[in-house]
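Each remark here refers to the structure printed beneath this line.
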Amino acid sequence: MDSLSLSGICRHQFLPITMLDFNQSNHRIEKAGFVRKPEKGGLTITQVASPLRRPVIVPSLDNETVDRRDRNHVAWTSVRQERWEGELVVQGEIPLWLKGTYLRNGPGLWHIEDYNFRHLFDGYATLVKLQFENGILIAGHRQIESEAYKAARKNKKVCFREFSEVPKYENFMAYVGDIAKLFSGASLTDNANTGVVKLGDGRVVCLTETQKGSLVIDPNSLETLGRLEYSDSLGGLIHSAHPIVTDAEFLTLLPDLVNPGYLVVRMEPGTNERKVIGRVNCRNGPAPGWVHSFPVTEHYVVVPEMPLRYCAQNLLRAEPTPLYKFEWRPESKAFLHVMCKASGKIVASVEVPLFVTFHFINAYEEEEEDEDGRVTAIIADCCEHNADATILDQLRLQNLRSFNGKDDLLPDARVGRFTIPLDGSPYGKLESALEPDEHGRGMDMCSINPTKLGKKYRYAYACGAQRPCHFPNTLTKLDLVKKKAKNWHEAGAVPSEPFFVARPGATEEDDGVVISLISEKNGNGYALLLDGSTFEEIARAKLPYGLPYGLHGCWVPKE
Ligand SMILES: CC(=O)/C=C/C=C(C)/C=C/C1=C(C)CCCC1(C)C
Ligand SMILES: CC(/C=C/C=O)=C\C=C\C=O
Ligand SMILES: [Fe+2]
């Protein structure tokens, strides 16, 4: 594989890698390590002798790497090099029970040659790993080798339709040809930059919202192994970015843009065949609402019909609109549909207040308190952007990069709690689950204890805001019973999704650790471990260089 083709001039003949920063006082390396830069196009991984128990693997930086730290926050700056792996020095203690790999996916490369992408979600996928064992931490990152990424590298231009980027057309006929390919899906991206999941059969899959962007990776080497080809004939081109994945199943939604509605489908471990559980017809057109994610309870799938709807016209455009492939349709209203997982029957379909969410947090069945324990309602929680879709445009790179540290630019968000009655009433409720000021009125990128999936739960972890800010900048533990939040914040730092890993054998919901990767203001970065219960720091480990912001992660336990 050749090196990243990042435009710019590297000022150093020899690239300093300062080892001092990485080492605790009892394992101190006294000298900075210098690594000769590799031949053009090559990527060398050099092992440097070190007094650590395991060698530190120091990457050679690419001769075309540009250091953009002085211009942009590292969170919004393309990853420096194609891949790196090495042991990190840990400050604090990693619990010995923490054995496995945290994987985090996200868009980490936002330019090709000197062409800069527009939107956070356009970037080519960068996969990061943190491998924990016996208190030791090996980290690494690697670009996912989607067809879209490989073609862009080879042809030095965008070749597929990304979230907002489209290939540049030489002439009108080229545009028409591309539109034809859009209908077959051939021109859509497979840049799997949104999330990563471990299927019940052990396969680890990176995902985006196009079905073709379901790529199987090796969780150790981070190598891209190939595409997960769905063997059914359900067709469609897109799906939810966030399937619900357990050891027993993979559930997702396939929006139908032609006859507005959604197929609810299920895939068993060890197969590539999705089977239809049922179909939801939209209550209103002209198109289904965007389903970036959806929640489930133990027995039901909740299908959201947001007023932020897919838009065929916007799909065809060469230049993006402020809402990209979507449009805001308040007159189409908002609905939540509840489908029984076992029968595929719709047991409720209620109108709810207008809402905007990327991420549902969890849902559960509310039972009557008598001994019948009849389910009276479904409760579904989400990171809700106060029915304001402008958050999507707020995530344009230009906005993210132009923050002056003073203006308070992040639109308000909250934990939106829906109550969906199951008694046939036509309306559902939407309220704030806790006072949004508890978390600075920022709210997104959530996780829960996975044993609480679909069940009554108390805690969630997410990113909130310490204002003034333009992006969620705290790690926040939400107590949804006491309606309180505890916030972690470091000035100028951008933390990624706090990911909860339960301690094996735990009986308390918050007994575990929370993992996040922090991009610092000064261009550095570190992995952070917080105690899931106290929400105090238990360990951090500096990375050799700061990494770009990433979206979603998963945990692959060591067997
Ligand atoms: C990164 C993230 O959260 C979302 C990424 C979404 C993508 C790449 C969506 C792509 C799409 C197309 C390329 C055409 C069809 C519509 C849509 C699914 C928005
Ligand atoms: C990062 C984000 C929203 C932040 C705003 O509060 C949304 C990410 C969506 C895709 O996974
Ligand atoms: Fe997401």
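Indexing begins at 1, ligand by ligand and atom by atom, following the structure's order. Heavy atoms only: backbone and side chains are in, while hydrogens, waters and symmetry mates are out.
Near Arg161, the atoms of ligand 1 lying under 4.0 angstrom from a non-hydrogen atom of the residue are 13 (C). With ligand atoms numbered from 1 in the order given, ligand 1 contributes 3 (O) to contacts under 4.0 Å with heavy atoms of His292. Taking a cut-off of under 4.0 Å to the non-hydrogen atoms of Thr208, the atoms of ligand 1 that pass are 5 (C), 6 (C), 7 (C), 8 (C). Those atoms of ligand 2 that come under 4.0 Å of a heavy atom in His359, given as number and element, are 8 (C), 9 (C), 10 (C), 11 (O). If you number the atoms of ligand 1 from 1 as listed, the ones under 4.0 Å from a heavy atom of Lys325 come out as 19 (C). Heavy-atom proximity to Ile238, at under 4.0 Å, picks out these atoms of ligand 1: 18 (C).
In this structure, His292 is part of the shell of residues with a heavy atom less than 4.0 angstrom from ligand 2. For the ligand labelled ligand 1, residue Phe326 lies inside the 4.0 Å heavy-atom shell.
Residue, atom and distance of the protein heavy atom nearest to atom 11 (O) of ligand 2 are His552 NE2, 2.8 Å.
If you look at Leu315 next to ligand 1, the close heavy atoms, those under 4.0 Å, all belong to the side chain. For Leu551, every heavy-atom contact with ligand 1 shorter than 4.0 Å involves the side chain, none the backbone.
Both the sub-6.0 Å distance and the 45° axial angle are not jointly satisfied by Lys325 relative to the ring of Tyr310.
In terms of polar-atom proximity, His242 is not counted as a contact of ligand 2, lacking any N or O under 3.5 Å from an N or O of the ligand. For ligand 2, the polar-atom distance check finds no N/O of His385 at less than 3.5 Å from any of the ligand's N/O atoms.
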